[in-house]
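For reference, the structure discussed in these notes is given below.
Every chain is numbered from 1 and lettered A, B, ... according to where its sequence line falls, protein lines coming before strand lines.
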Amino acid sequence: MSIEPFEIPSIPPERLALLNEKLKNAEYPNELETGVGWKYGAPRWAVEPLVQAWLKDYDWEKARNEMNRLHHYHATIDGLRIHFIHEPSNKPDAIPLLLMNGWPSNFYEFHKVIQPLRDGGNGNEQVFHVVIPSLPGYGFSEAPKIPGYGIAKYGEMMNELMITIGYKQYLLAGSDWGSIIGNWMARHCSENCKGFHNVMPLCLPPTPTITPSLLWSHPVIVAKYLASIVIGTETVYGKGTEAEELAFADLTNDPESGYRAIQGTRPYTLSFGLTDSPVGLLAWMLEKFHNWSDHGGRQEVDALPDTISTSEFLTLVTIYWMTNSMPSSTRLYYEAFHEDSKMSTVMGRVRIPTAIIQFPAELAKFPRDWIEASVNLQQYSEPEVGGHFPSLETSELLVNDIQRFGKLLKMNKWIDY
Amino acid sequence: MSDIEPFVVPSFTPEQLALLKDKLSKPVFPNELEEDYGWEYGAPTWAVKPMATEWLENYDWEKPRAEMNRWKHYHTTIDGLKMHFVHEPSSNPDAIPIMLVHGWPSTFYEFHKVIEPLRDGANGGQAFHVVVPSLPGFGFSDPPKTRGYGVAKMAEILNSLMVKLGYSQYLLQGGDWGAIIGKYIATRYNTNCKAFHTGLPYCLPPLPTPRNLLFYPFKIAKFGASLLLGFDRVYGKGKLILNGATFANAELYNGCGYRAIQGTRPYTLAYGLTDSPLGLMAWMLEKFHEWTYHPPAKQDIQALPETISSEVFLTQVTLYWLTNTMSSSIRIYYECLRQKEMYKVVFPRVKIPVAVTAYAHDISRLPQDWLETATDLYQYSEYESGGHFPATEESELFTEDVQRFGKILHDKKIIQ
């Protein structure tokens, strides 16, 4: 279980030359002659400028130097070399914090929040010993070599990582897969995971048919839900609340789920175009960074939102490119889709103290009622701005929210550290 | 007829060939699991890599090009789009017109082995005036420039093409999208389309409609029984393959992920399939593997079946590559899904004569009962081999089946 220091490497010269050559020789798809915004997916007017920026302006070394100001390591967990950042605080009342990203992202998503979380500000903010892993198969962590590495296994490994580092109790914060894996860890690793900060809650409707105990514990919540079926979700819960059914890969219920449908069933076939063509990779990622972030109303004419810079995005892409980890990252969808009793990996009441923050441009928004019925809700926020990547889009807001929750954990002694 | 222009299938320009070879010579292959899991996760590198090497080192476009240019090709403008088609009229006085319609990820070349036998009335069988179009956005046909080119628009264009060529009555043979568009034509344009031959009938079960109650009460009862007792028990094992009867719900059918992504985000998908010949080829190889007939022991361990040579497959791929049409071809899924066209296709009954072939392996199969209530079924054949691309996999069986149906149509003067 040895921990070895690691330095984020440069791109090997041949690989960089290959990247530039492929970008220079890019062949673009045919598109309709009429403008269709983003209705058919990422349009060329959005993709091509970023390809040119990647070829002509982007400098990996700049991002690399920024990353290497922090301390990186590898640890062997379950036979796989797992990369992580470890930035302990030098203040005595710090608590350990595990930050996990999702797809199509990587550890760099958190680059703006690491120092504020570690050091705090001028006030009395909670500070943290910050740990940011690369999930297996994402970035600088080895990819799983055999089938079966779904949500449960990832959760086990991340919990094991924290214990290996020496943190037997910690607060967990996550986005996307980090949030889903975190949900599993919050329920199955509660000896170690003592608090859960979640930007992407997923819940079931509070019906007694799913959770009979709700009739006793939250009768009003149940009544409200049943009313909403009759008189409408927005009438009961307010405008903008979509209590739609989410689906993993059922397009009829979730038109956004095409990528999950292909990644969850044929990740190998998809991966050739995303691996051999950096343009293919960039476009595949750009669509998500566009669709899932808050554009303040300029969705149809923007590529990236104002809150995510070109170099930030290209750094995220380059990490995928240089580690050839897009294929393995998509396989998490396959494994999760085929996981035994997959519903129970994401559903089920979370009993540890939980903070929920629902950003307006996130993929789904649930009524607070539903959330209260599914987690031990100790903190709740509904900001006016932000989306799926809050540590990029609204980093200060996110940091404050995590600090506030950390303070709560500490004051109530819900974490013994 | 003045705007029908002859067309010769072109060579690669030197720049095009250099670009393709350059891209193929610097491939980056994906990370995969350490062991071999066959095709469970999709097309594996052990299948894709040799095919890529073959494409780079051995494949010679000029050879299939010469074969293709044995036939006469044309362009004509319909609905503002340049449509490509092969037109091989027969010298046989009894010949009847046939339109052979391909699907995805295929091209007009799917029919390369049957064009001449059908034209010439091989083996003393029925002869045909053969028309093989490229669907809009596929191969040498222009891609649509505006939204909306789904089944209905393509059907209109194809029917117009036959009428423009002077074939006011014709037989339509179609597979994959050719079958879907074909059924639409068979039900909406039956003044011109007088008969329909397909391996992919897309119809409803024997429901208790007034007509079915009158003519097929037992079929209705049998269908009802099958819902209770199970399809295999009532119709026989393997007689009904529905694959979830879903267009894009990958939770019901794990083979429709491609429809889900192509039906919603064709633009985003297209970059990897356009910029990387490897990406394009792997995407197509999965279908040419999964939808074709392999002897059971060989399914997991080979890429193409024995009935499709790598040269034939690579010709299909090269047609997409050369014309940059993978990106436009996948948009038919989007247009069809957005306009909910599948409902418009499945519901109507086909009133013109229909021939159905059930090959050994395909993505769907319906019991004969269903075909008899949903179509005017003249001919039904089951085969022990062949799959989703029968004109390529089993060209002789295909030709003979089409000829047999054509003879009935000729003798009964259904097509004159």
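- Using a 4.5 Å cut-off between heavy atoms, A/Glu14 makes no contact with chain B at all.
- With respect to chain B, the highest number of heavy-atom pairs below 4.5 Å among A/Trp284, A/Tyr40, A/Phe272 belongs to A/Tyr40.
- Residue with the most contacts toward chain B among A/Ser271, A/Ala42, A/Ala26: A/Ala42 (heavy-atom pairs, distance under 4.5 Å).
- A cation-pi contact, defined as under 6.0 Å to the ring centre and within 45° of the axis, is absent between B/Arg265 and A/Trp38.
- Interface check for chain B: of the options A/Pro278, A/Ser328, A/Pro147, the most heavy-atom pairs under 4.5 Å are formed by A/Pro147.
- Checking B/Gln262 against B/Trp283 by side-chain atom types alone, a donor-acceptor pair falls below 3.5 Å.
- Both the backbone and the side chain of B/Pro27 have a heavy atom closer than 4.5 Å to some heavy atom of chain A.
- For A/Leu281, no part lies near chain B; criterion is any non-hydrogen pair under 4.5 Å.
- A/Val36 touches chain B through its side chain: at least one heavy atom from C-beta onward sits under 4.5 Å away, while N, CA, C and O do not.
- A/Thr318 and A/Trp54 are linked by a side-chain donor-acceptor pair at a separation below 3.5 angstrom, with hydrogens and angles left out of the test.
- Stacking of B/Arg259 on the aromatic ring of B/Tyr333 is not recorded, the 6.0 Å distance cut-off and the 45° axial limit not both being met.
- Looking at A/Pro49 and A/Gln52, their side chains never come closer than 4.5 Å, going by heavy atoms from C-beta outward.
- Contacts of B/Leu337 with chain A are made by side-chain atoms alone, with heavy-atom separations under 4.5 Å and no backbone atom involved.
- For B/Thr45, the parts lying under 4.5 angstrom from a heavy atom of chain A are both the backbone and the side chain.
- Here the side chains of A/His388 and A/Ser293 are not in contact, with every heavy-atom distance at 4.5 Å or above.
- Of all the listed residues (A/Leu274, A/Leu270, A/Leu282), the one sharing the greatest number of non-hydrogen pairs under 4.5 Å with chain B is A/Leu270.
- A heavy-atom distance below 4.5 Å is not found between the side chains of B/Lys145 and A/Leu32.
- Only the side chain of A/Ala143 comes within contact range of chain B, with at least one heavy atom under 4.5 Å from a heavy atom of that chain.
- At a 4.5 Å heavy-atom cutoff, the contact between A/Arg44 and chain B is made by backbone and side-chain atoms alike.
- Closest heavy-atom contact between B/Cys336 and B/Val151: SG-CG2, 4.1 Å.
- For the options B/Pro144, B/Ala248, B/Gly137, heavy-atom pairs under 4.5 Å to chain A are most numerous at B/Ala248.
- For chain B, the nearby part of A/Tyr334 is the side chain; its heavy atoms alone come within less than 4.5 Å.
- Looking at heavy atoms from C-beta onward, A/Arg260 lies out of side-chain contact with A/Trp103 at the 4.5 angstrom threshold.
- For B/Tyr37, the part sitting under 4.5 Å from any heavy atom of chain A is the side chain, from C-beta outward, and nothing else.
- B/Leu19 touches chain A through its side chain: at least one heavy atom from C-beta onward sits under 4.5 Å away, while N, CA, C and O do not.
- Heavy-atom pairs under 4.5 Å with chain A were tallied for B/Leu285, B/Leu280, B/Leu269, B/Thr246; the largest tally goes to B/Leu269.
- Note on B/Arg338, B/Lys26, B/Glu35, B/Met281: by heavy-atom pairs under 4.5 Å with chain A, the leading option is B/Lys26.
- At a threshold of 4.5 Å between non-hydrogen side-chain atoms, the residues A/Tyr320 and A/Tyr138 count as touching.
- Residues B/Phe29 and B/Leu278 form a side-chain contact, since some pair of their non-hydrogen atoms from C-beta on lies under 4.5 Å apart.
- When the candidates A/Pro29, A/Ser277, A/Gly41 are compared by the number of heavy-atom contacts under 4.5 Å with chain B, A/Pro29 comes out ahead.
- No other option in A/Ser325, A/Gly137, A/Gly280 has as many heavy-atom pairs under 4.5 Å with chain B as A/Gly280.
- The most heavy-atom pairs under 4.5 Å with chain A, out of B/Leu252, B/Leu273, B/Val48, come from B/Val48.
- Judged purely by distance below 3.5 Å, without hydrogens or angles, the side chains of B/Ser106 and B/Gln316 pair a donor atom with an acceptor atom.
- With a threshold of 4.5 angstrom between heavy atoms, A/Leu18 approaches chain B through side-chain atoms but not through N, CA, C or O.
- For a residue to count as touching a neighbouring chain, one of its non-hydrogen atoms must lie under 4.5 Å from one of that chain's; by this rule B/Arg147 touches chain A with backbone and side chain alike.
- Side chain to side chain, B/His388 and B/Asp176 meet the donor-acceptor criterion of an N or O pair below 3.5 Å.
- A side-chain donor from one of A/Asp78 and A/Tyr149 sits under 3.5 Å from a side-chain acceptor of the other.
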